[in-house]
Number of protein chains: 2
Amino acid sequence: MDIKTLCLGLLSLDEACGYDLKKKFESLFKHFFAAGYGSIYPALADLAEAGLVDCREVPQNGRPARKVYAITEAGRTFFQDSLSRANPTHKLRSDFLVMMYFADQVDTDRLQLLLDSRIGSFHDAAAHIERITESWPSDSPAGARFVAGFGKAMAEAATRYIEENRHMLKGQAKSQRPDVHRQAHRLASGLEERV
Amino acid sequence: MDIKTLCLGLLSLDEACGYDLKKKFESLFKHFFAAGYGSIYPALADLAEAGLVDCREVPQNGRPARKVYAITEAGRTFFQDSLSRANPTHKLRSDFLVMMYFADQVDTDRLQLLLDSRIGSFHDAAAHIERITESWPSDSPAGARFVAGFGKAMAEAATRYIEENRHMLKGQAKSQRPDVHRQAHRLASGLEERV
DNA sequence: AAGAGCATGTAACCTGTTACATGATTAT
DNA sequence: ATAATCATGTAACAGGTTACATGCTCTT
């Protein structure tokens, strides 16, 4: 599912401009779908050209006119058809896990730092979800609640796993192969070579 | 972290040809990193050109020579430097969650199907991890164990969450808006327009 | 006889990211 | 004053996916 379809989906719930959509992506979909302006604006232009959304310009004082997009009947139809396509994906891509896989080639201090900051991120994610959901009225859509709950449950499970299993990982003592690390830094990308 | 770096990482553990690497990706990294031949072979060529790996051709009878790649000292250094870079990512991209978010626009039958098949996938993932780890010797790398355990824990947590919370989602009755669904099919992508 | 597995790769394509470009208003 | 927020977009680039192209061997 591409960003175009997702924009259309958000517009099926409420009209919005590109800027608004970006904010919605960042609050509602933060834990499972990212999108920047560089993909949202072109997506909206494409949707408008295809007649799946209408655009209404609202002049502002001192800033670019707000381009408010509203879904059309054709758009709604198209979106619901997208939803009826099979095999939705669910893919993780994690450099963090890659690093953990190679833990014995990472020095101990850094390894601990990585684990701590990953726990921090998961904690932030859970907190973020809690923050956005606590203001939701009791009749808010079930789908939104389900998805938020999923994100929170995963973040909590991940934190728990790391806390309970980090003892397995020791990493490589920092001083053990100083030569390699010095070489690494030299090669890195122009850090000045010092001691 | 790109596929090139990951290939280098795998080669830091053992020499291998492109075909072997693909298999390793599919067994070890299945749950958090995907790679096809279309990215692996070019990656290996690049690594060889950069001097980070050496290539040795082993002739076969009746099939293309096996190109066995082995990491060089420069490669090892480079890889360890990559591991020392900051902020490793951990990103989920899930069409499944998108669909669940819009659950009230999906018909009930399909929604149940999606939930069932997602549980099935998570179950498969956990089973896959169990299968590959059960043959690991007790002295196998801690990182590999940690990562496998993480994948299993997440798959189990996800399954549990879905099973305990799917009752929240009802979806839309299939018969409620037949017109829309018919329209959807017409618009889909050149299905012949019939009644 | 059919299909899975072994073994290599290329080329076009799709999609999204990053950096750039602009500039007023509002809050700290 | 400084930073954040509002509001639009483009263009070059990076990275991976999919389809294509080839062909023998081993298992069922």
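For the numbers below, each heavy atom of this structure counts, side chains included, while hydrogens, waters and symmetry mates do not. Residue numbers start from 1 in every chain, and the chains themselves are labelled A, B, ... in the order their sequence lines are given, proteins ahead of strands. Here the structure is a predicted model, which means the values were calculated and not measured.
B:Leu92 has its side chain out of reach of A:Arg93: every pair of non-hydrogen atoms, C-beta onward, lies at least 4.5 Å apart.
The OH-C1' distance, from B:Tyr41 to D:dG16, rounds to 17 Å in whole Å. Between B:Arg66 atom CZ and C:dG5 atom P there is a gap of 17 Å when expressed in whole angstrom units. Between the CZ atom of A:Arg93 and the P atom of C:dT15 there is a distance of 17 Å, given to the nearest Å. Distance, A:Lys91 NZ to D:dG16 P: 14 Å, rounded to whole Å. Following rounding to the nearest Å, A:Ile40 (CD1) and D:dT10 (P) show an atom-to-atom distance of 14 Å. Between B:Phe33 atom CZ and D:dG16 atom P there is a gap of 6 Å when expressed in whole angstrom units. Distance CZ (B:Arg56) to P (C:dT8): 12 Å, rounded to an integer number of Å. Taking atom CG on B:Leu44 and atom C1' on C:dT10, their separation rounds to 15 Å, with Å as the unit.
Side chains of A:Ser121 and A:Asp124: a donor-acceptor N/O pair is absent below 3.5 angstrom, by distance only. Defined by atom type and a distance below 3.5 Å, a donor-acceptor pair is missing between the side-chain atoms of B:Thr108 and B:Gln172.
Annotation: of the two residues near DNA chain C, A:Gly36 and B:Ala45, the 5′-most nearest-nucleotide partner is B:Ala45.
The pair A:Arg118-A:Asp95 does not meet the salt-bridge criterion, since no charged nitrogen lies less than 4.0 angstrom from a carboxylate oxygen.
Among D:dT8, D:dG16, C:dA7, the nucleotide with an atom closest to any side-chain atom of A:Tyr37 is D:dT8. Counting only heavy atoms from C-beta on, B:Ser39 has its side chain closest to D:dG16 among D:dG16, C:dT8, C:dT17.
Around atom NZ of A:Lys30, no more than 12 heavy atoms belonging to other residues, nucleotides or ligands sit under 6.0 Å away. The number of heavy-atom neighbours closer than 6.0 Å to NZ of B:Lys22, taken from other residues, nucleotides and ligands shown, is above 12.
Taking the ring centroids of B:Tyr101 and A:Phe29, they lie under the 6.0 Å cut-off. Between B:Phe32 and B:Phe150, the gap from one ring centroid to the other reaches at least 6.0 Å.
If you check residues 58-65 of chain B against DNA chain C, the residues with a heavy atom closer than 4.0 Å are B:Gln60, B:Arg63, B:Pro64, B:Ala65, listed by number. Within residues 2-26 of chain B, the residues approaching DNA chain D are B:Asp2, B:Ile3, by heavy-atom distance under 4.0 Å.
Applying salt bridge (charged side-chain N to carboxylate O under 4.0 Å, His left out) to A:Glu15 and the options A:Arg66, A:Lys24, A:Arg56 leaves one that passes, A:Arg56.
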